[in-house]
Amino acid sequence: MIEEPLELPCGATLSNRICKSAMTEGLAEKDDNPNQGHENLYRTWSNGGAAVHITGNVMVDRRYLERPGNVVIDQDTDTDALARWSAAATEAGNHAWVQINHPGRQCAKATAKHPPAPSEVQLKMAGLFGKPRAMTTDDIEDAIRRYAFVAKACKDAGFTGVQVHSAHGYLGSQFLSPKTNQRTDEWGGSLENRARFVLRVVEAVRDAVGDDFPVAVKLNSADFSKGGFSNEDSATVAKWLAEAGIDLLEVSGGTYEQTAFFKGGGEKSDSTKRREAYFLEYAKLIRDATDGLPLMVTGGFRTRDAMEDALRQGELDMIGIARPFCVMPDFPNRMLEGSLHDLPRNEDGITLGNGWFGPNSSSQWMRGFNSQAGAAWYYKQMMRMAENQSPDESIGTVGTMLGHFYRDFAKAFARR
């Protein structure tokens, strides 16, 4: 099953059912351009056997970053560097799609003190984020144009598709959620109005790249917070996206405040726990609403049996996997040839300790700290591959996390 190709609505064909879902790389320097590190990392992944690799956040506006080290694409981008990145990322004949994003209020204060967002609803996390300013209509239209510009630049550079990030509490997700979108104009209020931004972005991107170029969207199955974007909302928006002509919908969930994409998508039934994938139950309603739109679920898959069970039952069409690519970049080849059935479960051991210090601590702050420690550990593995080194599972957690924070602060300072 995982070895079977998938034809997308636009006519493009994916060679198998494994996709590397996006992970933030943070490899760019102060010029915000892709560099040799991106080429090394993505060449390694390209030769690993997955049908498609989705890049980490590529920003549409260099004033507002998801994190220091993001690649930014605008009029000042080094197009030759972008083309070299795409060539490395598609070296083995696979697809490579650029994830296009704007952080909105989830822009670190070190990058911008008052980032634009749908409404002035601040993200309160250890003082790391400033109070956003509500976007004007001109701001919104400018952001939509920027998404389209990035999409066209990526196509021209040789990438084979794009993904519009509208999950995890970033700008598209902020417009969708009634908790972060408190507008009373045409961009807020009803679900139809709250979805207007994402749908307009998709329309502008499609107009920029044409009908035969893959356009995907990453969408929350839910925000997992009271009064937020619900699973029913998600199914309705997914239906509208299918009607808008997207080629693949990736289902995820959560925001910075409700990090379901780290914790496993909230509560799961016993059957879902056995079947590993975090968001399969939430994706069912979306599947029923989208009438044949190719669907990908990311998060939790660790065995070939679970992947093929989900494909066989028709619950999804693509398997999204992220962190295992950081420690075993060629695992798709191994799975496709039949020599590997179970992926490494490194996340089980990447914690700062047990009890109060562990990942299940009674302290929300400590649980968040452990999530950051795990993310830093995987990020370090990506850095090693970007430097043409092999992953090293023996590296420590605390020193890795401190080094991660230091590099990000240093990069933020260098951009000032």
Determine, stepwise, if the pair Arg304 / Glu3 fulfils salt bridge (Lys or Arg N to Asp or Glu O under 4.0 Å).
CA-CA 11 Å; Arg304 179 168 181 160; Glu3 73 280 357; 3.3 Å; yes

Under the salt bridge (Lys or Arg N to Asp or Glu O under 4.0 Å) rule, what do Asp156 and Lys152 come out as? Steps first, then yes or no, please.
CA-CA 6 Å; Asp156 291 345; Lys152 180 62 163 57; 2.9 Å; yes

Could you walk me through whether Leu248 and Trp97 pass the side-chain contact (heavy atoms from CB on, under 4.5 Å) test, one step at a time?
CA-CA 12 Å; Leu248 181 74; Trp97 298 354; 3.7 Å; yes

Intermediate values then yes/no, side-chain contact (heavy atoms from CB on, under 4.5 Å), Leu176 and Asn181:
CA-CA 7 Å; Leu176 289 169; Asn181 183 351; over 6 Å; no

As a quick check of understanding, evaluate side-chain contact (heavy atoms from CB on, under 4.5 Å) for Ser230 and Asp233, giving each step before the final call.
CA-CA 5 Å; Ser230 69; Asp233 289 343; 3.2 Å; yes

Set out, in order, the CA-CA distance, both residues' side-chain angles and the distance that settles side-chain contact (heavy atoms from CB on, under 4.5 Å) for Ser166 and Lys218, then state yes or no.
CA-CA 5 Å; Ser166 300; Lys218 188 167 189 170; over 6 Å; no

Verdict with reasoning, Asp31 to Arg415, per salt bridge (Lys or Arg N to Asp or Glu O under 4.0 Å)
CA-CA 8 Å; Asp31 62 4; Arg415 294 182 79 253; over 6 Å; no

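Side-chain contact between Leu249 and Met296 is absent, with no heavy atoms from C-beta onward closer than 4.5 Å. Contact annotation: the side chain of Lys30 never approaches that of Lys411 to less than 4.5 Å [non-hydrogen atoms, C-beta and beyond]. A heavy-atom distance below 4.5 Å is found between the side chains of Pro118 and Leu171. For the pair Pro294/Pro9, a side-chain contact is recorded, criterion being any heavy-atom separation below 4.5 Å from C-beta on. Contact of the Ile321 side chain with the Met307 side chain is registered, since non-hydrogen atoms from C-beta on lie closer than 4.5 Å. For the pair Val150 and Ile100, the minimum side-chain heavy-atom distance is below 4.5 Å. Taking the side chain as every heavy atom from C-beta outward, Asp408 and Phe413 never approach each other to under 4.5 Å. Contact check for Val72 versus Asp61: no side-chain heavy atoms found under the 4.5 Å cut-off.
No donor-acceptor distance shorter than 3.5 angstrom exists from the side chain of Thr24 to the backbone of Gly56, with no hydrogens or angles considered. For the pair Arg206 (side chain) and Phe213 (backbone), a donor-acceptor distance under 3.5 Å is present. Not a single donor-acceptor pair under 3.5 Å links the side chain of Asp78 to the backbone N or O of Asn33. Counting only distance, with no hydrogens or angles, the side chain of Arg63 and the backbone of Ala112 share no donor-acceptor pair below 3.5 Å. Between the Asp247 side chain and the Cys10 main chain, a donor and an acceptor come within less than 3.5 Å of each other. Checking side-chain atoms of His53 against main-chain N and O of Trp45 turns up a donor-acceptor pair under 3.5 Å. Counting only distance, with no hydrogens or angles, the side chain of Thr160 and the backbone of Ala96 share a donor-acceptor pair below 3.5 Å. Panel note: side chain Asp32, backbone Ala28; no donor-acceptor pair is recorded below 3.5 Å. With hydrogens and angles disregarded, no donor-acceptor distance shorter than 3.5 Å links the side chain of Arg146 to the backbone of Met59. With hydrogens and angles ignored, the 3.5 Å screen pairs no side-chain donor or acceptor of Arg105 with any backbone N or O of Gln174.
More than 12 heavy atoms of other residues, nucleotides or ligands lie within 6.0 Å of CZ in Phe405, so this atom counts as buried by the packing criterion.
If you take NZ on Lys109 and OG1 on Thr111, they are separated by 12.0 Å, rounding to the nearest 0.5 Å. In this structure, the separation between CD1 on Ile2 and CG on Asn16 is 7.0 Å, given to the nearest 0.5 Å. The structure places CE of Met1 at 6.0 Å from CZ of Arg312, a figure rounded to the nearest 0.5 Å. Rounding to the nearest 0.5 angstrom, the gap separating the CE atom in Met318 from the CG atom in Leu316 is 10.0 Å. Here CD1 of Ile286 is found 6.0 Å from CG of Leu219. Values are rounded to the nearest 0.5 Å. In this structure, CD1 in Ile144 is found 5.5 Å from CZ in Phe197, a value given to the nearest 0.5 Å.
Aromatic ring orientation, His168 versus Tyr170: tilted (interplanar angle from 30° to 60°).
For Thr55, the side-chain contact (heavy atoms from CB on, under 4.5 Å) criterion is met by Glu25, Tyr42, Val58, Trp85, Val98, Gln99, Phe159, not counting sequence neighbours. Evaluation of the salt bridge (charged side-chain N to carboxylate O under 4.0 Å, His left out) rule for Lys284 yields Asp288 as partners, not counting sequence neighbours.
Between Pro132 and Ser119, the shortest heavy-atom contact is CG-O, 3.7 Å. The two residues Ala242 and Leu293 come nearest to each other via the heavy atoms CB-CD2, 4.0 Å. Smallest separation of non-hydrogen atoms from Phe325 and Ile18: CZ-CG2, 4.2 Å. For Ser46 against Ala88, the heavy-atom pair with the smallest separation is CB-O, 3.5 Å. The minimum heavy-atom distance between Lys239 and Thr290, with the atom names listed, is N-CG2, 4.0 Å. Listed here is the closest heavy atom pair of Met335 and Thr303: CE-C, 4.3 Å.
Using a 4.0 Å cut-off between charged side-chain N and carboxylate O, Asp342 and Arg302 make no salt bridge. Taking the charged nitrogens against the carboxylate oxygens, Arg62 and Asp74 do have a contact shorter than 4.0 Å, which makes a salt bridge. In this structure, Arg200 pairs ionically with Glu141, as a charged nitrogen and a carboxylate oxygen lie closer than 4.0 Å.
Neither side chain, Gln106 nor Glu66, offers a donor N or O lying under 3.5 Å from an acceptor on the other. One side chain, Gln313 or Asp309, offers a donor N or O that lies under 3.5 Å from an acceptor on the other. Judged purely by distance below 3.5 Å, without hydrogens or angles, the side chains of Asn40 and Gln36 pair a donor atom with an acceptor atom. Side chains of Asn57 and Asn101: a donor-acceptor N/O pair is present below 3.5 angstrom, by distance only. Between Asp139 and Thr136, the side chains place a donor N or O and an acceptor N or O closer than 3.5 Å (distance only, hydrogens not considered). The closest side-chain donor-acceptor pair between Ser394 and Asp392 falls under 3.5 angstrom. Using modelled atom types and a 3.5 Å distance limit, the side chains of Glu250 and Thr298 yield a donor-acceptor pair.
For Arg67 and Tyr379, the positive end sits near the middle of the six-membered ring, less than 6.0 Å away and at most 45° from its axis.
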